[in-house]
Amino acid sequence: MTTQTPPGPRGLPVVGNTHQWARDPCDFRERCADEYGRVVNYEIIGWDAYMLTDPDDVKRVLEDTDTFPKHDDSTDRLREIVGDGLLTSEGDRWERQHEAIQPAFYMSHIRNYADIMVSRTEDTVERWRDGGTVDLREEMMRTTLEILVEAMFGEDIDLEARGIYDAVEAMQEPLRPRNQPVTFLAPDWAPVPFLRRANRAKDHLEAQVYDILDERRRGDADREDLLSMLLDADAGMDDEQIRDEMLTFLFAGHETTALTLTYVWDLLSRNPDAEARLREELDEVVDGRPTVEDVFEFEYVDAVVKEAMRLYPPAHEIRREPAKDVTFGDYAVPEGSLLVLPTWVLHRDDRFWDDPEAFRPERWLEADRDRPEYAYFPFGGGPRRCIGRQFAMVEAQLAVATVARDWTFDRRYDDLDLSAAVTLQPKGEVPVRTERR
Ligand code: HEM
């Protein structure tokens, strides 16, 4: 079979397509998919990129981790921030870590975290005033971080006093939309203030994890939190590994859920019928405080969260790097290039979705859902699929149920201005007026 280089948009000398990508990555990728089809070749920040738009190709890549490991350069940068935990490791090391950690995310354990999820969300709404204004994104970030830290370390960790909240913020600063170009392009020795702050924050978080580990070893309490599970002798992890995993969870486990919740509220505020139907289900199912049993009964709440992640997938693209020359159909993709699996594009592809731009949670309730498995992959797929996906789904639904019981929001912005950094995020604040029902 003769192979050919996949088509793609013409770029400029040196910068390639970086300028088109940087202006609006989501729009750029959608236009490329429309125009060039199955495999699209472009160049961003010096990387020779190949975007796949066929769900079966996405499946092949995600499920074959030997041929398609993570993209080396992107992962190296991430490793500098979060260490060598589950998100960034490869091969045997990843396999051992995955095996040790997976039981902590079984549904039987997630049940134990449900009360934390509801309680910390209650703390958030207790701070609100009827008629006050809050930044929704910030409120959701704090809530999901508080939930995660308590699920990881137990209830006696004071985020504020230990400086954990500020440190997590600083650790993520290099990946904020406005900072990302510098983060990815600056040489290691460059004196960039936010990179220094991020390094100091990482040191601080590492010291905190060691400190908590010490305390834990001195105490004798029989605990149910994530740290105890990793400390369990059967898990066979040394302190350094535990530290890296804890940092990874802090990084991977709260912003994505907070963004999902922000998008849920944005979409509901634009779709009053959907909001009314959601409340109807909540009134029917929840008796007093929401519980994990309620989550198993929710249909519409679940559909709302899924639909929000379809339209606004926090992980808007997934990256891999072929370990050898490969072909997709008769298109050749070389070893060492950047493979882009564009969640955003496939989630809005009219080959698989009716009226793809519309927020229509009902589509998840329809019996006849004949679409390829990888037309929807907000949590990735294959062996490297998100380990926290069930945690996140239970958490998001309990948070929605807890907030929607008493509160509704009046938007104080027109449209969300989004930017596709490592995660898909609103560029600025998301101000809303909080109204008690
Ligand atoms: C809505 C919320 C979430 C979304 C959209 C999300 C998305 C993702 C995606 C797409 C991946 C795969 C990345 C890749 O293949 O390159 C991933 C991996 C991962 N996620 Fe999540 N995630 C969420 C919540 C969480 C939570 C709550 C945790 C932990 C408490 C978590 C921890 C992780 C870890 C450790 C990995 C790496 C897994 C591995 O490589 O084995 N995530 N996530």
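Any value given below was found using the heavy atoms of this structure, including those in side chains, with hydrogens, waters and symmetry copies removed. Atoms within a ligand are numbered from 1 in the order they appear, just like the ligands themselves.
Remark: minimum distance from atom 12 (C) of ligand 1 to any protein heavy atom is reached at R384 O, 3.6 Å. Protein heavy atom at the shortest distance from atom 41 (O) of ligand 1 is W94 NE1, 2.8 Å. In terms of protein heavy-atom proximity, atom 13 (C) of ligand 1 is closest to K70 NZ, 4.0 Å. The nearest protein atom to atom 1 (C) of ligand 1, hydrogens excluded, is given as T260 OG1, 3.4 Å; this is a heavy-atom distance.
Applying the salt bridge (Lys or Arg N to Asp or Glu O under 4.0 Å) test to residues at least two apart or on different chains, the pairs with a partner in residues 201-212 are R162-D211, K202-E206, E206-R243.
Salt-bridge formation is detected for the pair D27/R31: a Lys NZ or Arg NE/NH1/NH2 atom is positioned less than 4.0 Å from an Asp or Glu carboxylate oxygen. A salt bridge is defined here as a Lys NZ or Arg NE, NH1 or NH2 lying under 4.0 Å from an Asp or Glu carboxylate O, and R279 with E275 meets this definition.
Close approach to L148 involves these atoms of ligand 1, each under 4.0 Å from a residue heavy atom: 30 (C). Remark: ligand 1 atoms within the under-4.0 Å shell around heavy atoms of P378 are 5 (C), 7 (C), 10 (C). Each of the following atoms of ligand 1 lies closer than 4.0 Å to a heavy atom of F391: 27 (C).
Proximity of R320 to ligand 1 is established by a heavy-atom distance of less than 4.0 Å.
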Step by step, work out the side chain to side chain donor-acceptor pair (under 3.5 Å) result for T75 and D72.
CA-CA 5 Å; T75 311; D72 215 30; 5.9 Å; no

Might you work through the ring-ring contact (aromatic ring centres under 6.0 Å, His included) test for F352 and Y376, ending with a clear yes or no?
CA-CA 9 Å; F352 316 119; Y376 183 72; over 10 Å; no

Test E307 against W364 for side chain to side chain donor-acceptor pair (under 3.5 Å), laying out the working first.
CA-CA 8 Å; E307 181 71 346; W364 295 98; 2.9 Å; yes

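When non-hydrogen atoms are compared, ligand 1 lies under 4.0 Å from the side chain of F105 (C-beta onward) but not from its backbone. Residue contacts with ligand 1, taken as heavy atom pairs separated by less than 4.0 Å, involve I318 solely via side-chain atoms from C-beta onward.
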Return a table of donor-acceptor pairs under 3.5 angstrom between the side chains of residues 142-152 and protein atoms on other chains or two or more places apart.
residue	atom	partner	partner atom	Å
R142	NH1	E160	OE1	3.3
T143	OG1	T124	OG1	2.7
T143	OG1	E139	O	2.6
T144	OG1	M140	O	3.0
T144	OG1	M141	O	3.3
T144	OG1	H254	O	3.0
E150	OE1	R120	NH1	2.7

What side-chain donor-acceptor pairs closer than 3.5 Å can you find for residues 102-114, not counting sequence neighbours?
residue	atom	partner	partner atom	Å
R111	NH2	E293	OE2	2.3
N112	ND2	E224	OE1	3.2

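The set of protein atoms (N, O or S) found at less than 2.8 Å from atom 21 (Fe) of ligand 1 reads C386 SG, by chain and number.
The residue from T257, L267, V430 that alone fulfils the side chain to side chain contact (heavy atoms under 4.5 Å, CB included) condition with T262 is V430.
Listed for the D135 side chain is no donor-acceptor partner under 3.5 Å among the backbone atoms of E429.
By the 6.0 Å and 45° rule, R348 stacks over the aromatic ring of Y312.
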